[in-house]
Amino acid sequence: MPTYEMPLLLRLGNKAEYTSILKNVANSIFETGGFIRRIENWGNQELPCKASAHGKTHTHAGHFMFCFDSPPSKIFTIHDNCKRNINIIRAEVYKEVVPEKQVQCTLEEELLPPPYRPSVQKLIEESRKKIEKTKYQYKSGLDYYPFTK
């Protein structure tokens, strides 16, 4: 089963209200055959912009993160259960991105000036290749572009 992340924005409330909301979300995950890896509480914060949900406008919310494993066919059911809950302002489900390879860097490389770092040199080389590909071919036989003033 793949791992998913679900950030939740909950209506402001006390610990007992948060507990009951989180239990409902956890039960919907368990009922679909999934299991929870971790639940993170990111605290109550002001929202960057107003959010309206279930006929109310919210400026502050409780932020939580669920990390869970679930069959891909049941993700819509979990997301739908969260959207129907009037205490949840926002809920989205994202597949957890696993980094493909670990980047090893050394202090010596980092102390070099940017143009001499291998990673920067690689980026410069890639941009040069792109510029060469996008260069306009005139195909007019002239060594200049005749339509410029």
Side-chain angles (χ1 to χ4, degrees), residues 1-139 145:
M1 286 189 283
T3 302
Y4 296 94
E5 294 179 340
M6 183 170 56
L8 294 173
L9 297 180
L10 304 181
R11 238 177 7 129
L12 287 180
N14 57 22
K15 283 187 177 182
E17 292 172 352
Y18 285 156
T19 304
S20 65
I21 297 167
L22 296 176
K23 278 184 183 178
N24 289 339
V25 173
N27 285 336
S28 70
I29 292 171
F30 293 141
E31 287 171 0
T32 58
F35 62 91
I36 297 173
R37 291 186 176 271
R38 69 179 182 274
I39 301 173
E40 297 176 9
N41 180 1
W42 293 345
N44 294 333
Q45 299 174 6
E46 184 177 359
L47 299 174
C49 58
K50 292 180 184 177
S52 60
H54 306 289
K56 294 184 181 179
T57 304
H58 303 276
T59 57
H60 290 75
H63 293 67
F64 290 88
M65 171 70 89
F66 271 86
C67 292
F68 61 96
D69 289 359
S70 177
S73 60
K74 302 295 183 177
I75 293 300
F76 179 76
T77 307
I78 295 169
H79 187 251
D80 190 47
N81 288 340
C82 290
K83 287 179 89 173
R84 291 175 188 268
N85 192 336
I86 61 171
N87 295 316
I88 298 175
I89 300 170
R90 290 275 190 280
E92 291 296 328
V93 179
Y94 302 103
K95 189 171 182 179
E96 186 176 53
V97 179
V98 178
E100 293 179 8
K101 62 178 182 177
Q102 296 291 334
V103 176
Q104 297 293 329
C105 63
T106 61
L107 182 61
E108 293 80 24
E109 288 179 2
E110 293 298 319
L111 291 176
L112 289 173
Y116 298 109
R117 293 182 194 155
S119 59
V120 175
Q121 288 177 350
K122 182 179 174 186
L123 291 173
I124 291 171
E125 192 63 35
E126 288 176 6
S127 67
R128 284 186 183 150
K129 288 179 183 177
K130 285 183 182 179
I131 290 172
E132 289 175 6
K133 286 182 182 178
T134 60
K135 218 176 237 187
Y136 181 72
Q137 301 293 327
Y138 295 113
K139 297 182 183 175
Y145 188 65

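One-based numbering along the sequence shown.
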Between Leu12 and Gly62, the two heavy atoms sitting closest are CD2-N, 4.1 Å

Side chain to side chain contact (heavy atoms under 4.5 Å, CB included) evaluation trace for Cys82 with Val25: CA-CA 7 Å; Cys82 290; Val25 173; 4.1 Å; yes

Distance from Asn87 atom CG to Ile21 atom CD1, nearest 0.5 Å? 4.0 Å

In this structure, is the centre-to-centre distance between the rings of Tyr18 and Phe64 below 6.0 Å? yes

Do Asn81 and Asn24 have side chains that get closer than 4.5 Å, going by heavy atoms? no

Taking the side chain as C-beta and beyond, is there a heavy-atom pair between Phe68 and Ile39 under 4.5 Å? no

Any side-chain heavy atom of Phe35 sitting closer than 4.5 Å to one from Ser70? no

Spacing of CZ belonging to Arg11 relative to CG belonging to Leu9, to within rounding of 0.5 Å: 13.5 Å

Return the minimal non-hydrogen interatomic distance between Lys50 and Thr59, and the atom names on each side. CG-CG2, 4.0 Å

Shortest non-hydrogen separation from Lys95 to Pro2 and the atoms involved: CE-CB, 3.9 Å

Which heavy atom of Ala91 sits nearest to which heavy atom of His79, and what is that distance? O-NE2, 2.8 Å

Using a strict threshold of under 4.0 Å (side-chain N to carboxylate O), is an ion pair present between Arg38 and Glu40? yes

Min side-chain heavy-atom separation Arg117-Glu109 under 4.5 Å: no

Interatomic distance, Arg84 atom CZ to Ile86 atom CD1 [nearest 0.5 angstrom]: 13.5 Å

Heavy-atom side-chain proximity of Phe66 to Pro7 below 4.5 angstrom: no

Could you tell me whether a side-chain N or O of His54 sits under 3.5 Å from a main-chain N or O of Ile89, the two making a donor and an acceptor? no

Rounded to the nearest 0.5 angstrom, the CG-CD1 distance for Asn27 and Ile78 is 11.5 Å

Over 12 foreign heavy atoms within 6.0 Å of CZ, Phe76: no

Give the C-alpha distance, both sets of side-chain angles, the deciding distance and a yes or no for side chain to side chain contact (heavy atoms under 4.5 Å, CB included) between Ser52 and His58. CA-CA 6 Å; Ser52 60; His58 303 276; over 6 Å; no

Met65 versus Met6: any side-chain heavy-atom pair under 4.5 Å? no

Leu10 side chain reached by His63 side chain, heavy atoms, under 4.5 Å: no

Pro71 side chain reached by Lys74 side chain, heavy atoms, under 4.5 Å: yes

Calculate, to the nearest 0.5 Å, the distance between atoms CD1 and CG belonging to Ile88 and Leu22 respectively. 8.0 Å

Nearest 0.5 angstrom please: Arg128 CZ to Leu123 CG, how far? 12.0 Å

Sequence neighbours excluded, which residues qualify as salt bridge (Lys or Arg N to Asp or Glu O under 4.0 Å) partners of Arg37? Asp69

